Amino acid sequence: MLFEPRSGRLAAWGNALLAGLASPDEAVLSIVGEDAVHRVEGLPGETGPVGLTLALGRMRALGVTGLRVALPAPGHPLGLSGPPEFNARALEAQEAVVAVGAALGLVPEVSEVGPAGDVHVSVTWHVLPVREAPPADVPSLSEAERELAEALREATEVLTRLDVAGSGPVAEAALSAYRARAEAGREALAPGYPARAVRVLALAQRVDLMVSLAQENGHGGAVAASEMAARAEALRPVERVARRALVAAYNSAVEARERG
């Protein structure tokens with residue numbers, strides 16, 4: 001589930017910090033979220049892992065002016081531009097952040113320790129060299145919004161046709177969390193993002209949640225292996241659209257600045 005990728009939080013609040021629209025403390029608190037700690041390893045000029053505050057300051061000193069998100073999947077290098085080593089690490093993590101203004105990329109490594117209900121999550125962002133080139137397959141916000149509207153209709157039709165009910169305790173918990181987040185008016189992105197990006201992100205998260213619930217929770221009427229395979233195949237294009245839209249939303253602040 002890509003509901004709120006860590007790369008999205010890092011890029012969104014990193015962009016707000018770099019633009020002078022958020023303080024270092026506010027940005028780091030928002031990036032870490034419910035995790036215990038985030039560290040950055042491999043930064044030029046640093047001999048070991050450093051905290052996010054120091055890392056973001058160092059990146060600014062290295063010439064970084066913005067951060068983009070990549071959400072690759074097998075056969076779809078979304079947001080990547082190479083080289084192969086970075087692409088492979090990003091694909092394994094299924095997400096990455098690519099700096100603008102310096103040839104650097106960051107890939108998260110997540111560690112979990114502790115029993116269920118009391119899990120301690122730490123994240124290490126590994127800094128690797130990247131190729132300075134246009135990212136692969138990232139749509140504009142307007143294109144992403146059009147694709148999402150169609151994807152939402154397709155997802156509903158597919159789930160209905162395959163008799164997939166978004167039910168069961170796990171599904172209900174996920175839906176409740178989504179509704180609570182929306183009702184609380186939680187800021188979906190960060191200062192400096194256009195309203196359209198917030199709208200696209202919210203819709204992309206909704207589509208992604210539908211796909212994830214269909215793939216992970218409850219079999220509905222699709223109990224045979226062939227039916228499960230048909231469900232996955234039918235939902236794959238919808239999930240691809242949702243990932244493209246997530247990347248477009250998170251990257252929109254950088255794209256807007258580059259357009260002047």
Side-chain angles (χ1 to χ4, degrees), residues 2 4-72 77-113 120-136 138 189-193 246-247 250-255 257-258:
L2 298 169
E4 189 180 33
R6 289 179 173 87
S7 56
R9 296 204 306 265
L10 176 57
W13 285 94
N15 284 329
L17 175 63
L18 291 168
L21 300 174
S23 69
D25 287 346
E26 181 184 15
V28 169
L29 185 64
S30 298
I31 292 167
V32 173
E34 297 180 358
D35 298 334
V37 64
H38 283 218
R39 307 282 285 175
V40 181
E41 187 174 79
L43 266 175
E46 300 293 339
T47 58
V50 299
L52 274 176
T53 302
L54 177 58
L56 290 168
R58 173 70 70 185
M59 289 169 67
R60 187 199 296 271
L62 291 170
V64 174
T65 58
L67 299 170
R68 287 191 172 101
V69 170
L71 297 176
L78 177 62
L80 299 177
S81 58
E85 180 185 358
F86 178 75
N87 286 4
R89 291 284 292 270
L91 180 58
E92 182 180 1
Q94 298 182 47
E95 61 177 312
V97 172
V98 179
V100 177
L104 301 173
L106 299 92
V107 179
E109 179 184 358
V110 180
S111 300
E112 298 183 354
V113 178
H120 178 100
V121 179
S122 61
V123 179
T124 299
W125 293 91
H126 296 279
V127 179
L128 300 166
V130 299
R131 182 180 298 135
E132 293 184 282
V138 178
L189 281 167
Y193 278 83
L246 286 170
V247 171
Y250 284 122
N251 293 2
S252 61
V254 171
E255 304 301 337
R257 286 202 298 272
E258 289 185 343

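It should be emphasised that the depicted structure is a prediction, and the values quoted were computed from it without experimental measurement.
A salt bridge is defined here as a Lys NZ or Arg NE, NH1 or NH2 lying under 4.0 Å from an Asp or Glu carboxylate O, and Glu95 with Arg89 fails to meet this definition. Glu46 and Arg58 are joined by a salt bridge, as a carboxylate oxygen and a charged side-chain nitrogen come within less than 4.0 angstrom of each other.
For Ala90 against Leu80, the heavy-atom pair with the smallest separation is CB-CD2, 3.8 Å. Scanning all heavy atoms of the two residues, the minimum distance from Val123 to Pro108 falls at CG1-CB, 4.0 Å. The shortest heavy-atom contact between Trp125 and Leu106 is CE3-CB, 3.9 Å. Scanning both residues, Pro129 and Pro83, for their nearest heavy atoms gives O-CD, 3.4 Å. Residues Pro191 and Ala16 share a closest heavy-atom pair of O-CB, 3.6 Å. When every heavy atom of Val50 is checked against every heavy atom of Ala55, the shortest pair comes out as CG2-CB, 3.9 Å.
With rounding to the nearest 0.5 angstrom, the CG atom of Leu29 is 9.0 Å from the OG atom of Ser23. We find the CG-CG distance between Leu43 and Leu56 to be 9.0 Å, quoted to the nearest 0.5 Å. Remark: Glu26 CD to Leu17 CG distance equals 9.5 Å, nearest 0.5 Å. To the nearest 0.5 angstrom, Thr65 atom OG1 is 7.0 Å from Glu258 atom CD. Interatomic distance, OG of Ser7 versus CG of Leu246, reported as 9.0 Å (0.5 Å rounding). Rounding to the nearest 0.5 Å places CD of Gln94 at 12.0 Å from CG of Leu78.
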Chi angles and distances behind the side chain to side chain contact (heavy atoms under 4.5 Å, CB included) call for Leu67, Val254: CA-CA 7 Å; Leu67 299 170; Val254 171; 5.7 Å; no

Check step by step if side chain to side chain contact (heavy atoms under 4.5 Å, CB included) holds for Asn251 and Glu255. CA-CA 6 Å; Asn251 293 2; Glu255 304 301 337; 4.3 Å; yes

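Leu62 places a side-chain heavy atom less than 4.5 Å from the side chain of Leu104.
Using modelled atom types and a 3.5 Å distance limit, the side chains of Glu109 and His126 yield a donor-acceptor pair. Checked by atom type, the side-chain pair Tyr250/Asn15 shows no donor-acceptor distance below 3.5 Å.
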